[in-house]
Amino acid sequence: MSNKKLLIYFSTILATLIPCPGHFGFGIILAVVFDIIFILSILAKHLFIKIKIDEYSKILQPVMICSLVTFFYIMLVFFSPVLAMQLSFILYIQAFSIYLQLFMFEPDAEISLKDDLSSQFYKCVLFTSVTLAFTFVRDILGYGCISFPTHAGLYSISLFNIKSLTFMNFFASIPGASIICAVIISAVLYFNNLKQSRLSGDSDE
């Protein structure tokens, strides 16, 4: 994958994570919602093709994605009003990310459902991995704990006293999240360049 495509791809992921509260518990929620809606969107795309309304899929897909996000947000309100209030509009930013990732590098519409799911599955794995790793690091660096979602809000397991390291709170802020994002993107581009240079070296041989 080219650096330009990688940059766009990771930007759609990190655009959701930067404004998100920096707790691992929220990362779990975002990852679960993304995976379910993304898979349902692929199933819906093939359903539209089967019932011959795929010409309207560019309109129907975003409407369906936003409807599913609203449904999950309502479920989250019932599960934990505190978590729903803290996430606020983040799930709707995620809806935009899902739509972009669903139609970015879209495979041929004629392929089977099984092949489509297998070819797109890496996006679920990538989003889940980046989201969990990103929020895990921010939770530890910014708050000195690991948190998990519960009915009452977040349940936190304290790892160290963050008050003794007040400068670490910076990583819990949006500027701190932006710096972590920059490090992640730089690392991804570096390893992608390294991979491409090795492939080109092998082809020259």
[X] and [Y]: same hydrophobic cluster, using ILVMFWY side-chain contacts below 4.5 Å?
X      : Y     : result
Ile59  : Ile65 : no
Leu91  : Phe89 : yes
Ile93  : Met64 : yes
Val77  : Ile90 : yes
Leu126 : Leu17 : yes

Working to the nearest 0.5 Å, report the span between NE2 of His46 and OG of Ser41. 11.5 Å
Quick check for you: to the nearest 0.5 Å, what is the distance between Met75 atom CE and Thr70 atom OG1?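 Here the rounded value is 11.5 Å.
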4.5 Å side-chain heavy-atom contact, [X] and [Y]:
X      : Y      : answer
Ile146 : Phe136 : yes
Leu40  : Leu43  : yes
Leu83  : Pro149 : yes

Which ILVMFWY residues can you reach from Val63 by hopping between side chains whose heavy atoms are under 4.5 Å apart?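 Same cluster as Val63: nobody, lone residue.
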After noting the C-alpha distance and the side-chain angles of Ile98 and Phe127, does the key distance pass the side chain to side chain contact (heavy atoms under 4.5 Å, CB included) rule? CA-CA 10 Å; Ile98 292 171; Phe127 182 89; over 6 Å; no
Test log, rule side chain to side chain contact (heavy atoms under 4.5 Å, CB included), inputs Leu154 and Thr150: CA-CA 6 Å; Leu154 290 175; Thr150 67; over 6 Å; no
Return a table of donor-acceptor pairs under 3.5 angstrom between the side chains of residues 18-37 and protein atoms on other chains or two or more places apart.
from  : atom 1 : to     : atom 2 : distance (Å)
His23 : ND1    : Asp139 : OD1    : 2.9
Asp35 : OD1    : Thr128 : OG1    : 3.1
Asp35 : OD2    : Thr128 : OG1    : 2.8

Looking at Phe148, I'd like to know if its CZ atom is crowded, meaning that more than 12 non-hydrogen atoms belonging to other residues, nucleotides or ligands lie closer than 6.0 Å. yes
Heavy-atom count around Phe96 CZ within 6.0 Å, excluding the residue itself: above 12?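 No, because the 6.0 Å sphere around CZ of Phe96 holds 12 heavy atoms or fewer from other groups.
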All heavy atoms of Ala84 vs all of Tyr73, minimum pair found to be O-OH, 3.2 Å
Under the rule for ring-ring contact (aromatic ring centres under 6.0 Å, His included), what residues qualify as partners of Phe79, not counting sequence neighbours? His151
Partners passing ring-ring contact (aromatic ring centres under 6.0 Å, His included) against Phe134 (at least two apart in sequence or in another chain): none
If the condition is side-chain hydrogen bond (donor to acceptor under 3.5 Å, both in side chains), which residues does Tyr155 pass it with, not counting sequence neighbours?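 For Tyr155 there are no side-chain hydrogen bond (donor to acceptor under 3.5 Å, both in side chains) partners, ignoring immediate neighbours.
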What residues, two or more places apart in sequence or in another chain, satisfy side-chain hydrogen bond (donor to acceptor under 3.5 Å, both in side chains) together with Ser158?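 Ser158 satisfies side-chain hydrogen bond (donor to acceptor under 3.5 Å, both in side chains) with no residue once adjacent residues are dropped.
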